[in-house]
Amino acid sequence: MIASVIVDVPAKQTDRAFDYRIPPSLEGLVRPGMRVVVPFGPRKIQGFVIALLEKSSYDKLRDIEDVLDIVPVLNEELLSLAEWLSEETLCYQISAMQVMLPAAMKAKYEKNFEALVPVEQLPQSISKHLDKEGRLSWKEGIEKKLLNELQQLVTAGQMELKYAVSSKGKKKKERVLSLAASSEEALVLLDTLPQQADKQKRVIQFLLDHQSDEQNAATVKDETGASSSTIRTMIDRGYVIESFKEVYRDPYQDRMFQKTSAFSLTEEQQTAIGPILQKVHDYEHETFLLHGVTGSGKTEVYLQTIDQVLSQGRQAIMLVPEISLTPQMVERFKGRFGDRVAVMHSGLSTGEKYDEWRKIHRKEVNVVVGARSAIFAPFEKLGVVIIDEEHEMSYKQEDSPRYHARDVAIERARRHGCPVILGSATPSLETFARAQKNRYQLLSLTRRMNNQELPSVTIVDMREELREGNRSMFSRQLFEQLTLRLEKKEQTVLFLNRRGHSSFVMCRDCGYVMQCPHCDISMTYHRHSEQMKCHYCGHEDRVPVQCPECQSEHIRYFGTGTQKVEEELTKLIPEARVIRMDVDTTTRKGSHEKLLTAFGQGEADILLGTQMIAKGLDFPNITLVGVLSADTMLHLPDFRSAEKTFQLLTQVSGRAGRHDKKGEVIIQTYSPEHYSIDLAKTQQFELFYKQEMMMRRIGQYPPYYFLAMVTLSHENLLKVVSVCEEITSLLKQKLSNNAIILGPVASPIARIQNRYRYQCLVKYKMEPELKPLLKSILDTYQPKSTNDSLLIHIDVQPYMML
DNA sequence: AGCACGCCGACT
DNA sequence: GTCGGCGTGCTC
């Protein structure tokens with residue numbers, strides 16, 4: 001038997017199947033979708049079996065070295081989905097497979113020198129570095145400068161260089177103890193043990209009392225007061241048996257989830273869920289857009305759909321933008337479905353993610369709630385895929401494979417014959433346009449549950465404030481409301497789209513702005529560390545006291561970051577307790593949730609944060625939401641900036657007054673007349689949609705056109721420009737006249753880490769030749785040699801224009 | 001990606 | 001004359 005294998009080498013030349021013989025020892029064990037270790041040139045690497053063949057067209061086959069799985073980790077569907085994904089996003093097949101598995105399953109490669117003769121026969125200079133198996137890693141060999149000597153020993157046949165493949169994922173083991181003898185024998189033992197062996201007796205007694213299963217060694221120690229050495233002795237004497245049991249790391253184990261059951265649906269919800277349940281029942285594919293205002297009860301529709309799916313013996317995937325932000329969502333799912341839910345998000349450790357994945361793989365759960373990559377959960381009988389907050393950017397992966405979870409969801413659902421639900425209060429234009437054209441079925445929830453009023457939204461014109469002499473970052477109105485909340489002991493959320501302290505430092509005399517020396521972007525002032533930081537490459541610099549250009553001392557900070565607001569707040573209202581949430585305060589694992597919990601329990605009056613607080617926050621005591629500057633996003637060089645602004649403002653506003661207290665929202669802006677801000681005030685999605693569609697039509701952007709972007713980067717500006725020119729003219733020449741090709745243009749951030757970035761954007765409606773053409777461009781321009789530092793990447797349907 | 005094989009400059 | 005630079009091509 002022959003196995004066709006995709007090897008773990010992400011490169012153009014190896015992006016194809018290699019055939020291997022299955023040795024007799026592995027006959028029958030190897031199946032498609034399994035990871036194997038194969039010899040590849042002089043080394044050993046990991047690979048995925050994609051097919052079993054009777055014979056190969058290649059005649060110098062080598063043998064598969066080893067199998068890494070008992071059960072395939074990628075089933076038939078996922079294997080073929082990987083193929084689809086690599087074609088669709090122009091990525092290597094191996095990258096498509098890798099992205100479907102938890103990081104813990106990526107291979108780890110080792111290169112070791114190993115002694116072939118007894119260690120004593122080797123020179124002392126070497127032998128003293130060897131471990132007890134007579135091994136020394138290649139890396140250590142370099143560090144200790146032993147490579148020459150080692151090389152000689154290898155040629156002399158006294159040592160060899162061995163390549164090994166190991167898995168990063170470690171299954172967590174727990175030490176358990178059980179009685180070696182039967183109860184009767186143990187009772188005898190209790191009598192015969194000497195008086196002073198009190199601890200030993202207690203251990204035996206404890207194990208007798210809890211005989212139903214094995215006992216965790218740590219529990220035994222705690223309960224009996226026995227020391228490790230006592231237990232060791234007992235194991236050695238054969239009284240108790242020690243063994244290791246595989247356990248799951250459960251990130252939610254200390255949490256109690258209150259069991260909840262289905263609510264009765266409102267009439268509107270009933271109408272919405274009907275067509276979905278019909279499709280679930282009929283095993284038919286369909287994409288639904290569930291368009292519901294904030295607080296209209298979309299989640300309950302999801303939950304009841306999943307209920308139906310589970311009762312059919314099928315499984316459900318629910319995607320959320322970034323779950324660690326919404327512990328409340330996890331709670332709701334765990335509460336309703338208990339142990340049948342796996343949770344996958346970036347806040348988990350590698351090991352925890354691995355364990356959650358294994359629960360899915362072993363069919364111990366039938367629901368997964370997770371971020372983008374959870375779309376690849378290895379379920380075999382999908383009954384529904386739900387994407388909550390469908391418009392969120394985080395569903396698009398920005399590095400290879402550059403996939404959009406929405407597209408993958410629809411493709412998977414099509415294969416499984418099940419519906420997809422896209423839920424949002426502010427759907428992306430693409431999705432809404434498809435719903436208008438009946439490509440997706442539109443379901444609307446227009447009323448908030450319990451008929452809560454929408455919060456009242458006020459737009460404050462900051463230019464007016466400035467004219468009236470208010471130069472602070474808080475408008476009088478916001479400040480007034482803020483102090484009012486403090487008096488009433490209610491909570492406020494302040495939203496600002498920028499971390500750090502000040503966005504840039506400018507000289508008032510000559511206009512000099514401090515920029516990163518490696519990137520074409522201005523540096524951000526961080527008060528805490530008294531440093532200037534580049535948010536793109538991490539470069540740090542001292543804060544200038546004098547203008548480097550004109551020596552003037554009139555250096556001023558402009559723009560406002562979260563840190564500065566925090567300072568200002570403590571200055572203005574010293575008694576206010578403020579929690580700041582941004583990337584700088586939430587890098588530590590779990591810190592996110594901790595801060596939110598603290599706020600939820602009323603340990604602070606004001607929650608100040610960036611984007612990350614816009615989602616999922618649902619506390620009854622929040623009655624005021626302030627947006628300090630609604631414009632920051634609006635002026636970004638991105639055709640979606642108006643859409644993003646509208647979505648963000650609508651979403652942030654939804655944080656106020658979700659319960660019985662009425663909420664108020666204050667939005668500060670310098671451009672109050674802009675439609676995205678004006679219409680967010682009244683949450684008129686459809687009006688916004690009409691207006692924005694008009695802009696897109698004029699600008700020839702999605703949803704009227706599809707996009708593909710080619711980005712090149714190189715240290716040499718001339719080189720990037722010339723290659724970009726070549727590619728652009730090639731595209732112009734090969735594509736139809738209906739395609740619009742823009743470029744070459746410098747990327748909005750023209751240089752990052754000393755590499756110049758140029759891009760070419762293709763706007764098209766129908767170009768069947770585009771994919772193959774892009775593929776051939778990748779073929780010709782992708783670095784052939786390792787030191788050709790020209791990097792090219794192609795993003796089909798890009799989201800980030802930067 | 002690695003690694004080997006292969007063709008041109010500064011060294012024992 | 002060789003050691004070693006990295007350009008090119010192969011890995012079942």
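Chain identifiers are assigned alphabetically (A, B, ...) following the order of the sequence lines, protein sequences preceding nucleic acid strands; residue numbering begins at 1 within each chain. Atom set for the values below is all heavy atoms of this structure, side chains included, hydrogens, waters and symmetry mates excluded.
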Report task. Under 4.0 Å between any heavy atoms, over every strand shown, what does Arg62(A) touch: base, sugar-phosphate, or nothing? Just pick one. Result -> sugar-phosphate
Query raised in the report: Expressed in angstrom and rounded to an integer, what is the separation of Tyr92(A) atom OH from dT11(C) atom P?
Result: 18 Å
Report task. Measure from the ring centre of Tyr58(A) to the centre of the six-membered ring in the base of dC12(C), then say whether that distance is under 5.5 Å and the planes meet at under 30°. Result -> yes
Query - Rounded distance in Å - NZ (Lys12(A)) to P (dA1(B)) - result: 12 Å
Report summary line: Arg43(A) has its side chain closest, among dA1(B), dT11(C), dC3(B), to dA1(B)
Query raised in the report: Can you tell me how far P of dC3(B) sits from CD of Gln151(A), to the nearest Å?
Result: 11 Å
Report task. May I ask you to decide if Pro118(A)'s main-chain N or O and Gln121(A)'s side chain share a donor-acceptor pair within less than 3.5 Å? Result -> no
**Report entry** Tyr163(A) vs dC3(B): side-chain N/O to OP1/OP2 distance below 4.0 Å
**Finding:** yes
Query - From Ile375(A) atom CD1 to Met344(A) atom CE, the distance as rounded to the nearest 0.5 Å - result: 12.0 Å
Query raised in the report: What does Lys44(A) touch in the nucleic acid at a heavy-atom separation under 4.0 angstrom: a base, only the sugar-phosphate, or nothing?
Result: nothing
Report task. Could you state the atom-to-atom distance from CZ of Arg16(A) to P of dC10(C) in whole Å? Result -> 10 Å
Requested in this report: Rounded to the nearest angstrom, tell me the gap between atom CD in Glu110(A) and atom C1' in dG2(B).
Outcome: 17 Å
Query raised in the report: Roughly, in whole Å, what's the span from CG in Leu61(A) to C1' in dT11(C)?
Result: 13 Å
Query raised in the report: Separation of Leu161(A) atom CG from dA4(B) atom C1', in whole Å?
Result: 14 Å
Query raised in the report: Any donor-acceptor pair under 3.5 Å linking the side chain of Asn75(A) with the backbone of Leu78(A)?
Result: yes
Query raised in the report: For Lys111(A) and dC3(B), what is the distance between atoms NZ and P respectively, to the nearest whole Å?
Result: 4 Å
Report task. Verify the distance criterion only: is there a donor paired with an acceptor across the side chains of Asp541(A) and His539(A) at less than 3.5 Å? Result -> yes
**Report entry** Listed partners of Glu767(A) passing side chain to side chain donor-acceptor pair (under 3.5 Å), at least two apart
**Finding:** Ser736(A)
Report task. Tell me what Ser4(A) touches on the nucleic acid: a base, only sugar-phosphate, or nothing, going by heavy atoms under 4.0 Å. Result -> nothing
Requested in this report: Indicate, with a heavy-atom threshold strictly under 4.0 Å, whether Tyr20(A) touches base, sugar-phosphate, or nothing.
Outcome: sugar-phosphate
